[in-house]
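Notes for the one structure printed next.
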2 protein chains.
Amino acid sequence: MNSTNQQKSVGRPREFEEDRVLDAVMNTFWNQGYEGTSLKDLCSATGLHKGSLYQAFGDKHQLFLKSLKYYMEQSFKEVAASAYLHDSPMANLRSLLNEITTKCIEGEGCMVVNALVEMAPHDQEVKQMIDQSYAMKQRFLTDLIDRAQRDGEITIKQEPDRLAAVLMVTLAGLAATVKGFSNTDHISYVLEDVLSSWA
Amino acid sequence: MNSTNQQKSVGRPREFEEDRVLDAVMNTFWNQGYEGTSLKDLCSATGLHKGSLYQAFGDKHQLFLKSLKYYMEQSFKEVAASAYLHDSPMANLRSLLNEITTKCIEGEGCMVVNALVEMAPHDQEVKQMIDQSYAMKQRFLTDLIDRAQRDGEITIKQEPDRLAAVLMVTLAGLAATVKGFSNTDHISYVLEDVLSSWA
DNA sequence: CATATTTATGACCAATTGGTAATTAATAAT
DNA sequence: ATTATTAATTACCAATTGGTCATAAATATG
């Protein structure tokens with residue numbers, strides 16, 4: 001295995017980069033949903049024929065799972081960094097929530113929330129993936145809140161994990177709400193307002 | 001027009017009650033989504049043939065719009081009453097949010113939030129309907145919050161409409177979150193926690 | 001009873017769906 | 001150069017999709 005992931009192997013070489021394709025697939029599912037996306041859509045988005053798509057990634061459902069996983073990894077990477085910029089846990093929490101809010105507004109929502117609403121009730125695999133990522137994010141927030149409380153920057157007397165649950169629900173709500181409004185001014189203050197009510 | 005809505009008219013009489021059908025359609029769209037629901041699904045849910053469905057309600061999209069409108073009316077009726085049970089605005093706000101939370105958990109989500117996530121970005125008519133109902137609910141909450149602030153039961157210094165926006169987003173988040181968890185214990189406290197942080 | 005009107009039913013339709021398989025092309029190993 | 005292996009392309013498939021239409025059935029009117 002080398003750094004460019006182009007290990008020479010027997011047979012005709014791939015003409016596409018897997019991540020480039022996964023990115024296109026992800027974007028298509030992200031803004032059309034699972035049922036709203038046809039294989040034809042995926043082909044025109046990726047430039048591949050469905051035969052190639054199937055051989056490389058499996059059927060539509062597997063393709064969705066892989067693109068969802070890709071989304072989770074990428075978006076977490078993109079966002080988690082903002083939680084380590086400052087010394088104070090509260091400042092880190094603030095900039096994290098700001099970053100998520102910004103990304104959520106720019107991206108017109110969150111693929112995980114889309115999948116949660118459309119698929120989780122009828123798709124055990126999707127449900128499990130979301131469950132896992134939810135638990136991880138919840139722990140991440142709980143930790144930040146806990147430390148902010150010890151620092152005295154959060155004075156409200158409530159269990160950190162319950163406060164984290166409030167943030168998680170609010171963030172999900174943000175991702176949903178954003179899809180209905182062209183003017184997102186009101187919405188962008190919501191997380192700040194929640195946080196400042198804990199001061 | 002009479003009270004039973006069974007005005008005798010020329011031609012073969014309908015063999016179904018419009019509201020009964022609309023209710024079945026609503027439930028199907030509610031838990032399968034728009035793209036996830038086929039005409040066959042709607043036929044088996046209502047017991048009608050698609051010819052009848054088309055003649056009575058129009059095509060799939062119109063049928064969705066009508067069932068969404070039906071949902072909005074019914075759910076608002078069901079829930080709004082809990083905001084007039086007590087004298088204190090704060091107590092009314094509390095019981096309203098409790099009622100919504102309970103209904104949301106029982107119904108495994110909210111059809112409006114589902115439609116918001118799945119359709120609003122690509123469907124102008126759905127977007128408008130949701131926009132309207134959102135504005136109305138926001139005003140409803142703003143009014144309650146405003147009066148609770150004047151009563152001194154909400155002490156946090158923030159504009160009522162911004163606090164209402166927080167509640168709206170949190171409620172949307174609740175509707176989304178509920179779809180991923182069989183155990184809804186943690187979630188059921190979220191609205192209470194938000195409210196109590198304003199005390 | 002005959003007619004006009006509305007509804008229910010089932011046949012029908014072109015287009016699209018997700019998915020498969022056969023063929024051709026490009027590479028590495030021998 | 002031949003062969004094995006993998007990928008790209010194309011043709012193909014049954015099933016389902018949303019939607020229409022002709023026909024039969026049920027009622028009110030005359």
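Every value quoted in this text rests on a predicted model; they were computed, and no experiment measured them. Letters A, B, ... are given to chains in the order of the sequence lines, protein chains preceding strands, and every chain is numbered from 1.
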If you look at every heavy atom in [X] and [Y], which pair is closest and at what distance?
{"X": "P121(A)", "Y": "L116(A)", "answer": "CD-O, 3.6 Å"}
{"X": "N92(A)", "Y": "A83(A)", "answer": "CG-O, 3.1 Å"}
{"X": "I156(A)", "Y": "Q149(A)", "answer": "O-NE2, 3.2 Å"}

Next on the checklist: Set out, in order, the CA-CA distance, both residues' side-chain angles and the distance that settles salt bridge (Lys or Arg N to Asp or Glu O under 4.0 Å) for D143(B) and R147(B), then state yes or no.
Outcome noted: CA-CA 6 Å; D143(B) 183 54; R147(B) 287 191 283 155; 3.3 Å; yes
Item to check | K103(A): salt bridge (Lys or Arg N to Asp or Glu O under 4.0 Å) partners, not counting sequence neighbours | outcome: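 Scan of K103(A) (salt bridge (Lys or Arg N to Asp or Glu O under 4.0 Å), adjacent residues dropped) gives E78(A), E99(A).
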Item to check | Summary of side chain to side chain donor-acceptor pair (under 3.5 Å) pairs that have at least one residue in residues 22-45 of chain A, sequence neighbours excluded | outcome: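 For residues 22-45 of chain A: D23(A)-N27(A), S38(A)-D41(A).
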Checklist outcome for this item: Side-chain contact check for P13(B): nearest option of dT27(D), dA25(C), dA28(D) is dT27(D)
Checklist entry - Which residues within residues 21-34 of chain B lie with some heavy atom under 4.0 Å of an atom in DNA chain D? => result none
Item to check | DNA chain D-proximal residues of residues 36-61 of chain A, any heavy atom under 4.0 Å | outcome: H49(A), G51(A), S52(A), Q55(A)
To the nearest Å, give me how far apart [atom1] ([X]) and [atom2] ([N]) are.
{"X": "E35(A)", "N": "dT16(D)", "atom1": "CD", "atom2": "C1'", "value": "12 Å"}
{"X": "Q62(A)", "N": "dG18(C)", "atom1": "CD", "atom2": "P", "value": "15 Å"}
{"X": "F16(A)", "N": "dT6(D)", "atom1": "CZ", "atom2": "P", "value": "14 Å"}

Checklist entry - With no angle test and no hydrogens, is the base of dT7(C) tied to the side chain of R12(B) by a donor-acceptor pair under 3.5 Å? => result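 Yes, a donor-acceptor pair under 3.5 Å.
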Checklist entry - Does a side-chain N or O from R14(B) land closer than 4.0 Å to OP1 or OP2 of dT7(C), or not? => result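 Yes, R14(B) has a side-chain N/O under 4.0 Å of OP1/OP2 on dT7(C).
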Checklist entry - Among pairs that include at least one residue of residues 74-94 of chain B, which meet ring pair (Phe, Tyr, Trp, His ring centres under 6.0 Å), considering only residues two or more places apart or in two chains? => result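 Sorted pair list: F76(B)-F140(B).
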Item to check | Qualifying residues under ring pair (Phe, Tyr, Trp, His ring centres under 6.0 Å), relative to F181(A), sequence neighbours excluded | outcome: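 Per chain and number, F181(A) pairs via ring pair (Phe, Tyr, Trp, His ring centres under 6.0 Å) with Y134(B).
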